[in-house]
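Have a look at the structure below, then the notes.
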Number of protein chains: 2
Amino acid sequence: MEKQTITIYDVAREANVSMATVSRVVNGNPNVKPATRKKVLEVIDRLDYRPNAVARGLASKKTTTVGVIIPDVSNIYFSSLARGIDDVATMYKYNIILANSDGNDEKEVNVLNNLLAKQVDGIIFMGHHITDSIRAEFSRSKTPVVLAGSIDPDKQVGSVNIDYHAASKEATAVLAENGHDKIAFISGALVDPINGQNRLTGYKKALKEAKITFTEGLVFETPYEYKAGEKLAERIINSGATAAYIVDDELAVGIMNGLQDKGVKVPEEFEIITSNNTVLTDMARPRLTSISQPLYDMGAVSMRLLTKLMNKEDVEEKTIVLPHNIVKRGSTK
Amino acid sequence: MEKQTITIYDVAREANVSMATVSRVVNGNPNVKPATRKKVLEVIDRLDYRPNAVARGLASKKTTTVGVIIPDVSNIYFSSLARGIDDVATMYKYNIILANSDGNDEKEVNVLNNLLAKQVDGIIFMGHHITDSIRAEFSRSKTPVVLAGSIDPDKQVGSVNIDYHAASKEATAVLAENGHDKIAFISGALVDPINGQNRLTGYKKALKEAKITFTEGLVFETPYEYKAGEKLAERIINSGATAAYIVDDELAVGIMNGLQDKGVKVPEEFEIITSNNTVLTDMARPRLTSISQPLYDMGAVSMRLLTKLMNKEDVEEKTIVLPHNIVKRGSTK
DNA sequence: CTGAAAGCGCTAACAT
DNA sequence: ATGTTAGCGCTTTCAG
C-alpha cells in the first residue's frame with residue numbers, strides 16, 4: 001500500500017477547522033485565535049504534516065526559489081559568488097536552482113527558459129558577457145534579474161560589480177610606479193566588455209598617465225585556465241614584458257609558475273598583480289599581490305538586491321558598485 | 001494592466017483542440033496526428049506559450065528537480081563533484097536545487113526538509129558524515145537518496161565513492177617504501193568514518209605491513225583549511241615526521257608551504273602525498289603527488305544512479321566504488 | 001476570527 | 001486519435 005500523503009485537508013478535518021484556518025496557521029497569519037492555533041499545531045505535529053511547496057507555488061504564484069546561472073561552479077571565482085548568493089537566499093527563505101552554462105550563449109538561453117518555466121521568482125546571472133539574445137529574453141519576461149560580477153552596458157537589469165576600470169588602472173599604476181615600462185595586460189576574451197572595455201581602458205589610462213606608450217604586443221588574450229597560463233609564460237618572456245596585470249587568479253598562478261619554471265625570478269625580475277584575491281593568491285609562492293574584489297559580498301549583495309526587486313520595493317539604484325582595493329603580497333616589490 | 005499569462009487552455013482554444021491534445025504534443029506523446037501536432041505547435045509558437053512546470057509538477061507529482069546538499073560550494077572538492085552532478089542532471093532533464101549545509105548537522109536536517117517540501121524527485125547528499133538524525137529523515141521519506149563522496153556504514157541509501165581504505169593504504173605504502181618510518185597521518189575530524197575508519201585503518205595497515213610501529217603522536221586532526229595547514233607545519237616538524245599522507249589538497253598545500261617557509265625541503269627532506277588530485281596539486285611547487293579521486297565522475301555517477309532510483313529501475317548494486325590510483329608528482333621522490 | 005468555494009495550470013484516467 | 005472530467009494541494013477572496 002502506498003504511503004498516503006497527508007494534506008492540509010486531513011489536518012483540517014482532524015482539527016475540526018477549515019482548510020483556510022490551517023493555511024493561516026501554517027503561514028503565520030495573525031488572525032487566528034491562540035487556542036485554535038494551538039489545536040491545529042498539535043494535529044500538524046501528530047500527523048507529521050508537511051506543506052507541499054509545489055501546490056503552494058501554484059496557488060500563490062510564488063515559488064520562493066531563484067534561478068542562478070553560472071558559467072562553471074567548479075571555478076573558484078564563481079563558486080565564491082555563489083556561496084554569497086546562497087547564504088543570503090537562505091536568510092530570506094529562498095532556495096536556488098543552480099544551472100551551469102559553460103558561458104555558452106545558446107546554453108544560457110536554454111537554461112534561462114528552463115528556469116522561467118519552473119516559475120522562479122528571480123534570476124541571478126553570472127557570465128562574461130550579455131548577448132543580445134539573452135538580453136531579449138530578460139526583457140521578455142517580467143521576472144527580475146540581477147547580474148553578479150557581470151557588466152550590462154545597457155543597465156536594463158540590476159547588477160553588482162566593482163569599478164573594473166578604476167581597479168585595473170590602479171593595478172597598472174602600481175607597476176608603473178615600480179619603474180616598469182613594459183607592462184603586460186593579460187586577460188580572457190577581449191570581446192567581453194569587462195575585459196575589452198573596462199579593464200583595458202583602465203590599463204591604457206594608467207599607461208598614459210605614466211607617459212608609457214601603449215604597445216599592442218603586450219596585450220595577451222587567453223583562456224581562464226591554469227595550464228593556459230603556464231604555457232603563456234614563454235610568449236610573455238619573449239614580449240620583453242617585466243611586469244603583468246592579470247585578470248584571473250588561476251591564470252596568474254599558471255603564469256607565475258611558468259615564469260619561475262623558466263628561471264625568471266618573481267618579483268625581482270618580474271612583478272605580477274592579479275585580480276580576484278581568491279584563496280589561490282595565498283597558496284602561491286610568492287603570494288600574489290591582488291586587487292581585492294569582494295566576491296562573497298558581491299554575491300550576497302546581488303541576492304539582497306534581487307529580494308528587493310522581487311518584493312517590488314523601490315530601489316534607489318540598481319547598478320551597485322562595491323569598493324575594491326589592492327592587497328600587496330610577495331609578487332610585487 | 002497585468003500581462004496575462006497564457007495557459008494550455010488558451011492554446012487549446014486557438015487551435016480548436018482539447019487541453020489533453022495540447023498536453024500530448026507538449027509532452028511528445030506519439031498519439032497525435034501529425035497534422036494536429038503541427039497546428040498546435042504553430043499556435044504555441046504564435047502565442048509564445050510556455051508550459052508552467054509548477055502546475056505540471058503538482059498534477060504529475062514529478063518536479064524534475066533534485067536537491068543537492070553540499071557542505072560548501074566554494075570548496076573545490078565539493079564543487080568538482082557538483083559540476084559532475086549538474087552535467088548529468090542536465091543530460092536527463094533535471095534541475096538541481098543547491099543547498100549549502102556548512103557540514104552543520106542541524107542545518108543539514110533543515111535543508112533536507114526544505115528540499116522535501118519542494119517535492120524534489122531525489123536527493124544527492126555530500127557531507128563528512130551521516131548523523132543519526134539525517135539518516136532518520138532519509139528513511140522517513142520515500143524520496144531516493146544518493147551519497148556522493150560520503151560513506152554510509154549502513155548502506156541504506158545509494159552511494160558513490162572510491163575505496164578510501166585501499167587508497168590510503170597505498171599512499172602510505174609508497175611513503176614507507178621510500179624509506180620513511182615516521183609517516184604522519186593528517187586528516188580532518190576523526191569522528192568522520194571516512195577519516196577515522198576507512199583512511200586511518202588503511203594507514204595503519206600499511207604501517208603494519210611495512211613493520212612500522214603505529215604512533216599516536218603522528219596522527220594530526222585539523223580543519224580542512226589552507227591556513228590551518230600552514231600553521232600545523234611547526235607541530236609536524238616537532239613530531240619528527242619526515243613524510244605525510246594528507247587527506248585534503250588545500251590542507252596539503254598549506255602544510256607544504258608552511259614546511260618550506262620554515263626551510264624544510266620538499267621532497268628531499270619531507271615527502272607528501274595528498275588525496276584529491278584537484279587542480280591545486282598542479283599549482284603547488286613542487287607539484288603534489290596525489291591519490292587520484294575522480295571527483296567529477298563521482299558526481300556524474302551519483303546523479304546517474306539517482307536517475308535510475310527515481311525511475312524505479314532495478315539497480316544491481318547501489319553502493320558504487322570507483323577506481324582510484326596514485327599520480328606521482330614532485331612532492332615525492 | 002473562521003469557513004466556503006473558486007481557482008492556480010496541468011496531467012491522467014476514462015470515454016469515445 | 002481526441003475529448004471530458006476529475007483532481008493535484010494549496011491560497012485567497014468573499015462572507016459572515
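Note that these values count all heavy atoms, side chains included, but never hydrogens, waters or copies made by symmetry. Per chain, numbering begins at 1; letters A, B, ... match sequence-line order.
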Requested in this report: Pick base, sugar-phosphate or nothing for A:Asn29, based on heavy-atom distances below 4.0 Å to the nucleic acid.
Outcome: nothing
In residues 19-26 of chain A, what donor-acceptor pairs under 3.5 Å come from side-chain atoms, sequence neighbours left out?
| residue | atom | partner | partner atom | Å |
| --- | --- | --- | --- | --- |
| A:Thr21 | OG1 | A:Ser18 | OG | 3.4 |
| A:Ser23 | OG | A:Asn27 | ND2 | 3.3 |

Query - All side-chain contact (heavy atoms from CB on, under 4.5 Å) counterparts of A:Asn113, not counting sequence neighbours - result: A:Val109, A:Leu116, A:Glu137, A:Arg140, B:Arg50
Query raised in the report: Excluding sequence neighbours, so at least two apart, what forms side-chain contact (heavy atoms from CB on, under 4.5 Å) with A:Asn95?
Result: A:Thr65, B:Ile97, B:Asn114, B:Leu115, B:Lys118
Query raised in the report: Got a sec, which pairs hit ring pair (Phe, Tyr, Trp, His ring centres under 6.0 Å) with one end in residues 104-147 of chain A, sequence neighbours left out?
Result: A:Phe78-A:His128, A:Phe125-A:Phe138, A:His128-A:Tyr224
Requested in this report: Summarise protein proximity over nucleotides 10-16 of chain C in one line of letters, 5' to 3': B for base, S for sugar-phosphate only, - for none, counting protein heavy atoms closer than 4.0 Å.
Outcome: BBB----
Requested in this report: Determine whether A:Pro294 and A:Ile162 make a side-chain contact, defined as any pair of heavy atoms from C-beta on separated by less than 4.5 Å.
Outcome: yes
Query raised in the report: With sequence neighbours left out, what residues match A:Asp154 under salt bridge (charged side-chain N to carboxylate O under 4.0 Å, His left out)?
Result: A:Arg135
Without placing hydrogens or testing angles, list every side-chain donor-acceptor pair under 3.5 Å for residues 313-320 of chain A, not counting sequence neighbours.
| residue | atom | partner | partner atom | Å |
| --- | --- | --- | --- | --- |
| A:Glu313 | OE2 | A:Asn311 | ND2 | 3.1 |
| A:Glu317 | OE2 | A:Thr319 | N | 3.0 |
| A:Lys318 | NZ | A:Gln156 | O | 2.8 |

**Report entry** All pairs passing salt bridge (charged side-chain N to carboxylate O under 4.0 Å, His left out) where residues 87-106 of chain A contributes a residue, at least two apart
**Finding:** A:Arg83-A:Asp87, A:Asp102-A:Lys107, A:Asp102-B:Arg83
Query raised in the report: Side-chain N or O of A:Thr21 less than 4.0 angstrom from OP1 or OP2 on C:dG3?
Result: yes
Query raised in the report: Applying salt bridge (charged side-chain N to carboxylate O under 4.0 Å, His left out), which residue pairs with at least one partner in residues 27-39 of chain A are found, sequence neighbours left out?
Result: A:Lys38-A:Glu42
Query raised in the report: Who are the side-chain contact (heavy atoms from CB on, under 4.5 Å) partners of B:Ala117, not counting sequence neighbours?
Result: none
Query raised in the report: Considering the terminal five base pairs at each end of the helix from C:dC1-D:dG16 to C:dT16-D:dA1, what angle separates the two local helix axes, rounded to 10°?
Result: 30°
Requested in this report: Give me the first and last nucleotide of DNA chain D, going 5' to 3', that has any atom under 4.0 Å from a heavy atom of chain A.
Outcome: D:dG9 to D:dT12
